[in-house]
Amino acid sequence: MKPTDQTLVILTPGFPGTEADSTCLPAQQIFIKALNKNFRDLKIIIISVQFPFVTSEYEWYGNKVIPLNGRNKEKIFKLLLWMRAWKALKKIKKEKNIIGLFSFWCAECALIGKYFGQQHNIKYYSWILGQDARKGNPFIRWIRPGAESLVAMSGFLAEEFYKNYGIKPVHIIPNGIDGSAYPVHYPERDIDILGAGSLILLKQYDVFIQIIKELSYQIPAVKAVICGKGPEEDSLHSLIRELSLQNNMLLSGEKPHRELLQCMCRARVFLHTSTYEGFSTVCLEALYAGAHVTSFCNPMVGWIKNWHIVNNKEEMSALALKILQDPNTVYEPVLPYSMDDSAKKVMKLFSR
C-alpha cells in the first residue's frame, strides 16, 4: 500500500553533488530549501539527469537525489538515459503518492515529465528559466507544451517564449532570494563596482572592464571586483593588463554562496553586463544586499527600486559614475521577490 505522504518529483539537468557545493545552481537550491521550509510534510525527490557524475542515490538536506549520470552524451546514450529516467519515475510512482512533476527548464527534463505525467495522469509543469526561451530550443517541437503547463520565471521570458514558439506561458512565478542567508551586520561598502557570474562570452565581462576603464578617468582609485570562473578568464586578465587596470580590477574567482553575498554587502554598484538574462539571481541578491543594480536586461514589466535599466555601455558607465559620485545615494536592502513566495505559488499549481 502506498504511503499517504505527498511527494513532488523535480526533474533537473543537474544538481550539486554535496551539500557543501553552494555554487551549483544556487537559485534552484534556494527554491528547494524554500519548499522544505514552507511545506514540511512534503516529500521531495530530485532526479538529476546529467550531473553530478555519480550513480548512487544520496541525501541533500533531507531530500532524496537520484543522479542518472548522463554526462551530456548524445544519440543512443540519450535514449537509454531517458529510459532510465522513466524507470526511476515508475519506481517512485509505485512507492510514493506523487502529486506532481516539476521540471527545471523547458527542455530534456520537461520532455520526460510531460509524457510520463500524461500517461499516468500526474500534473506536470515546466519552469522556463532562461536559455530555454531562446530561439533554437530543439526540445520544444518534441514536447509540444501547452500554455497551461508552462511557468515563466519572468515577464521577459514569457514574452521571449511567445515570440519564438507562439505559446504564451499562463503562469509567471519569479525568481526570488532567501534573506536569511545574509550577514546580520552589513560591512563597510569598500567595493565600488561588483560583478558576479560565469566568465563566458554571453556575460560580456570585457564590457564590464571597459566601463571600469572609463570610470577610472573620473575616479582614479575606483575599485572593482568580478566573482566567478569560466573560459574567458585568461582573456579578461589580458584585457586588465592591456588597459593598465591591475590596481583597479580584481578577478577573485568563484566564491561559495555566503562569501559572494558578503561581497555584495560591500558593493555600491552591481554591474550586470549580460546580453541575455531570464531573471538574474545575482541581481536580486545584490539588491537585497543594498547595492544599486545596473543591467541591459529588464526582467519584469514595471519598476524595481534601485534596479536601473540602460541601453548601452555609455549609459551604463554614466549611470554608475552618477551613483558613485552622488553623496545622497542611499544603499538599502530591496526585496522585490522572496523565494518563499515563489515556492508557495508553485505548490498552489499542484493543489488546483
query = Would you say the side-chain atoms of Asp21 and Thr23 include a donor-acceptor pair closer than 3.5 Å?
reply =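 Side-chain D/A pair, Asp21 to Thr23: present.
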
query = Do Thr281 and Asn175 have a side chain donor and acceptor closer than 3.5 Å?
reply =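 Their side chains do contain a donor-acceptor pair, which is all the 3.5 Å distance test asks for.
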
Has [X] got more than 12 heavy atoms of other residues, nucleotides or ligands less than 6.0 Å from its [atom1]?
X: Phe53; atom1: CZ; value: yes
X: Asp41; atom1: CG; value: no
X: Tyr58; atom1: OH; value: yes
X: Arg134; atom1: CZ; value: yes
X: Lys229; atom1: NZ; value: no

Measuring only between side-chain heavy atoms, which start at C-beta, is [X] closer than 4.5 Å to [Y]?
X: Trp307; Y: Val334; answer: no
X: Trp86; Y: Gln119; answer: yes
X: His272; Y: Glu277; answer: yes
X: Leu261; Y: Glu285; answer: yes
X: Ile167; Y: Phe161; answer: yes

query = When the ring planes of Phe116 and His120 are compared, do they come out parallel, tilted or perpendicular, using 30° and 60° as the limits?
reply =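 Phe116 vs His120 ring planes: tilted.
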
Nearest-0.5 Å distance that lies between atom [atom1] in [X] and atom [atom2] in [Y]:
X: Leu68; Y: Ser48; atom1: CG; atom2: OG; value: 7.5 Å
X: Arg266; Y: Ile191; atom1: CZ; atom2: CD1; value: 4.0 Å
X: Lys213; Y: Ser244; atom1: NZ; atom2: OG; value: 5.5 Å

inquiry  = Can you tell me which residue among Glu160, Glu148, Glu159 is in a salt bridge (Lys or Arg N to Asp or Glu O under 4.0 Å) with Lys168?
reply    =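 Output: one option passes, namely Glu159.
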
ask   = Under 3.5 Å, is there a donor-acceptor pair between the side chain of Thr12 and the main chain of Phe104?
value =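 Judged by distance alone, no pair lies under 3.5 Å.
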
Cation-pi check, Arg268 onto Tyr331 ring (under 6.0 Å, within 45° of axis) =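 That pair does not qualify as a cation-pi contact.
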
task = Kindly indicate whether a cation-pi arrangement holds for Lys114 with Tyr124, taking the cut-offs as under 6.0 Å to the six-membered ring centre and within 45° of the axis.
result =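 Because its charged atom misses either the 6.0 Å distance or the 45° angle limit, Lys114 does not stack over Tyr124.
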
task = For Leu250 and Lys223, run side-chain contact (heavy atoms from CB on, under 4.5 Å): C-alpha distance rounded to whole Å, both residues' side-chain angles, the deciding distance at 0.1 Å, then the answer.
result = CA-CA 8 Å; Leu250 172 67; Lys223 180 178 179 182; over 6 Å; no

query = Do you know the tightest heavy-atom contact between Ala88 and Ile47?
reply =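 Where Ala88 meets Ile47 most closely, the heavy atoms are CB-CD1, 4.2 Å.
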
inquiry  = With a 4.0 Å cut-off on N to O distance, would you call Lys78 and Glu108 a salt bridge?
reply    =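 Looking at Glu108 together with Lys78, the answer is yes, because their closest N to O distance falls below 4.0 Å.
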
key: Lys91 with Glu95: basic N within carboxylate O range, under 4.0 Å   =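 Salt bridge present between Lys91 and Glu95.
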
task = Carefully, step by step, assess Met300 and Phe279 under the rule side-chain contact (heavy atoms from CB on, under 4.5 Å).
result = CA-CA 8 Å; Met300 299 292 274; Phe279 203 157; 3.5 Å; yes

inquiry  = Using side-chain contact (heavy atoms from CB on, under 4.5 Å), reason through Ile140 and Cys106 one step at a time and then give a plain yes or no.
reply    = CA-CA 8 Å; Ile140 302 303; Cys106 189; 3.8 Å; yes

